Colleague: 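If you scroll down you'll find the structure; I have some questions about it.
A quick note: this is a predicted structure, and the numbers were derived from the prediction, not measured. What's counted below: heavy atoms across the whole structure, side chains too, no hydrogens, waters or symmetry copies.
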Amino acid sequence: MNETSKPIARPSVVSAPRILVVEDEIDVALLIAYNLEAEGYVVESVARGDEAELRLAESAPDLVILDWMLPGVSGIEICRRLRARDATRTLPVIMVTARREESERVRGLAVGADDYVVKPFSVIELMARVRALLRRSRPERIAERLTAGDLDLDRETRRVRRGSRDVHLGPTEFRLLEYLLERPGRVFSRAQLLDGVWGQSVEIDERTVDVHVGRLRKALNRGRATDPIRTVRGAGYALNDRFVKSA
């Protein structure tokens, strides 16, 4: 297996929904990012359409705030491409633009944008639209508790229980379980888990994932308890969908 370096993000924010801001006006991008981070979201900002394409291909966020006019590739074209791919067909997109004409709004929505905000916009209104769209499209990303089978994870208290037993997890194992519980049955490669759980700031090896999955399994499994984590040879790991349906 080739070694791949990925960064580690701050544990305190990694579990929050991830939002990609694609905006070439620096002041507007900073304003949006500042307010999103103040609400507890994990934010990445890019200024070019082609750079946004690369980020989206690497790891899809939970929501995209997308400017219409961008260097490289236009926002309208990015939205069209997102809707054409199965992996991003339902990815929530809020289009931000200076175009006020009704025909332009219709065009933006026609290519697949979920919402449309005209500049200059109210920050309070934009934040409300972000919250509403996440509630509709990804309720598991904002739910206080995640459950599967006899597993129960409480984000508020940072506690995990399996049946009647408390499960004591380190911060990384907690985030790893949380990430898998959000997407039961989906298989994640080690690189995807590094992006989703550790984030992007310090270089670490993909084999780190194997170590932490092993620790998580050891904490979760006692006696003849069913292992909730499925290893997919040559692909990665998933929360076993049969375990999810066993409750």
Side-chain angles (χ1 to χ4, degrees), residues 4 6-7 9 16-33 36 41-119 121 126-127 129-142 179 182-183 185-197 199-200 235-236 238:
T4 304
K6 297 288 178 181
R18 295 171 53 235
I19 298 178
L20 177 65
V21 177
V22 190
E23 170 61 67
D24 63 333
E25 293 184 44
I26 296 176
D27 291 345
V28 175
L30 288 173
L31 177 67
I32 295 173
L36 287 171
Y41 301 113
V42 178
V43 182
E44 182 179 7
S45 298
V46 296
R48 293 180 56 87
D50 46 3
E51 187 177 357
E53 288 265 270
L54 290 174
R55 293 289 190 276
L56 289 163
E58 291 170 357
S59 178
D62 295 294
L63 183 144
V64 180
I65 296 178
L66 183 62
D67 189 29
W68 181 300
M69 299 296 292
L70 293 166
V73 181
S74 72
I76 204 85
E77 177 60 19
I78 290 173
C79 190
R80 187 191 66 77
R81 294 177 186 178
L82 288 173
R83 295 301 178 245
R85 293 193 289 264
D86 288 341
T88 54
R89 195 180 303 278
T90 60
L91 177 64
V93 175
I94 297 178
M95 189 76 75
V96 178
T97 179
R99 296 170 180 259
R100 294 178 172 273
E101 298 85 358
E102 183 179 359
S103 60
E104 296 300 332
R105 299 188 203 185
V106 171
R107 184 183 172 200
L109 295 172
V111 298
D114 297 280
D115 207 343
Y116 194 103
V117 178
V118 178
K119 299 177 183 177
F121 54 84
L126 178 60
M127 295 302 110
R129 291 181 183 225
V130 167
R131 288 192 297 271
L133 189 50
L134 283 172
R135 277 197 300 270
R136 293 199 305 268
S137 63
R138 299 294 301 277
E140 76 281 358
R141 293 295 279 140
I142 58 176
Y179 195 75
E182 287 174 352
R183 304 160 180 84
R186 177 174 170 180
V187 179
F188 292 98
S189 68
R190 291 167 178 81
Q192 288 173 325
L193 288 171
L194 282 171
D195 279 337
V197 177
Q200 299 183 355

Colleague: List the atom of L134, the atom of P17, and the distance in Å for their closest heavy-atom pair.
Modeller: CD1-CB, 4.0 Å
Colleague: Parallel, tilted or perpendicular for F188 and Y179, by the 30°/60° rule?
Modeller: tilted
Colleague: Can you list the residues that meet the salt bridge (charged side-chain N to carboxylate O under 4.0 Å, His left out) rule with D27, with sequence neighbours excluded?
Modeller: none
Colleague: Could you list all the salt bridge (Lys or Arg N to Asp or Glu O under 4.0 Å) pairs where at least one residue sits in residues 64-79, not counting sequence neighbours?
Modeller: D67-K119, E77-R80, E77-R81
Colleague: Do V42 and D62 make a side-chain contact, defined as non-hydrogen atoms from C-beta onward lying under 4.5 Å apart?
Modeller: no
Colleague: Can you list everything that forms a side chain to side chain contact (heavy atoms under 4.5 Å, CB included) with A132? Sequence neighbours excluded, please.
Modeller: R135, R136
Colleague: Of the non-hydrogen atoms in R18 and S59, which two are nearest, and what is the gap between them?
Modeller: NH1-OG, 3.4 Å
Colleague: Got a sec, which residues hit side chain to side chain contact (heavy atoms under 4.5 Å, CB included) with A235, two or more places apart in sequence or on another chain?
Modeller: V187, V232
Colleague: Shortest non-hydrogen contact from G75 to L66?
Modeller: O-CD2, 3.2 Å
Colleague: What pairs with D50 under salt bridge (charged side-chain N to carboxylate O under 4.0 Å, His left out), at least two apart in sequence or on another chain?
Modeller: R48
Colleague: Counting C-beta onward and ignoring hydrogens, is there a side-chain heavy-atom pair between I76 and M95 closer than 4.5 Å?
Modeller: yes
Colleague: When you measure from the side chain of R183 to the backbone N and O of A238, does any donor-acceptor pair fall under 3.5 Å?
Modeller: no
Colleague: Is I78 close to L56 at the side-chain level, that is, under 4.5 Å between some pair of heavy atoms?
Modeller: yes
Colleague: Does the side chain of V130 reach to within under 4.5 Å of the side chain of Y41, using non-hydrogen atoms?
Modeller: yes
Colleague: Can you list the residues that meet the side chain to side chain contact (heavy atoms under 4.5 Å, CB included) rule with L30, with sequence neighbours excluded?
Modeller: I26
Colleague: Give the minimum heavy-atom separation between C79 and A113, together with the two atoms involved.
Modeller: SG-N, 3.5 Å
Colleague: Quick one: does I19's side chain get under 4.5 Å of I32's, heavy atoms only?
Modeller: no
Colleague: Going by the rule side chain to side chain contact (heavy atoms under 4.5 Å, CB included), which residues pair with D114 if we only count those two or more places apart in sequence or in a different chain?
Modeller: R83, P92, V93, L133
Colleague: Between T88 and L82, what is the shortest heavy-atom contact and its length?
Modeller: OG1-O, 2.7 Å
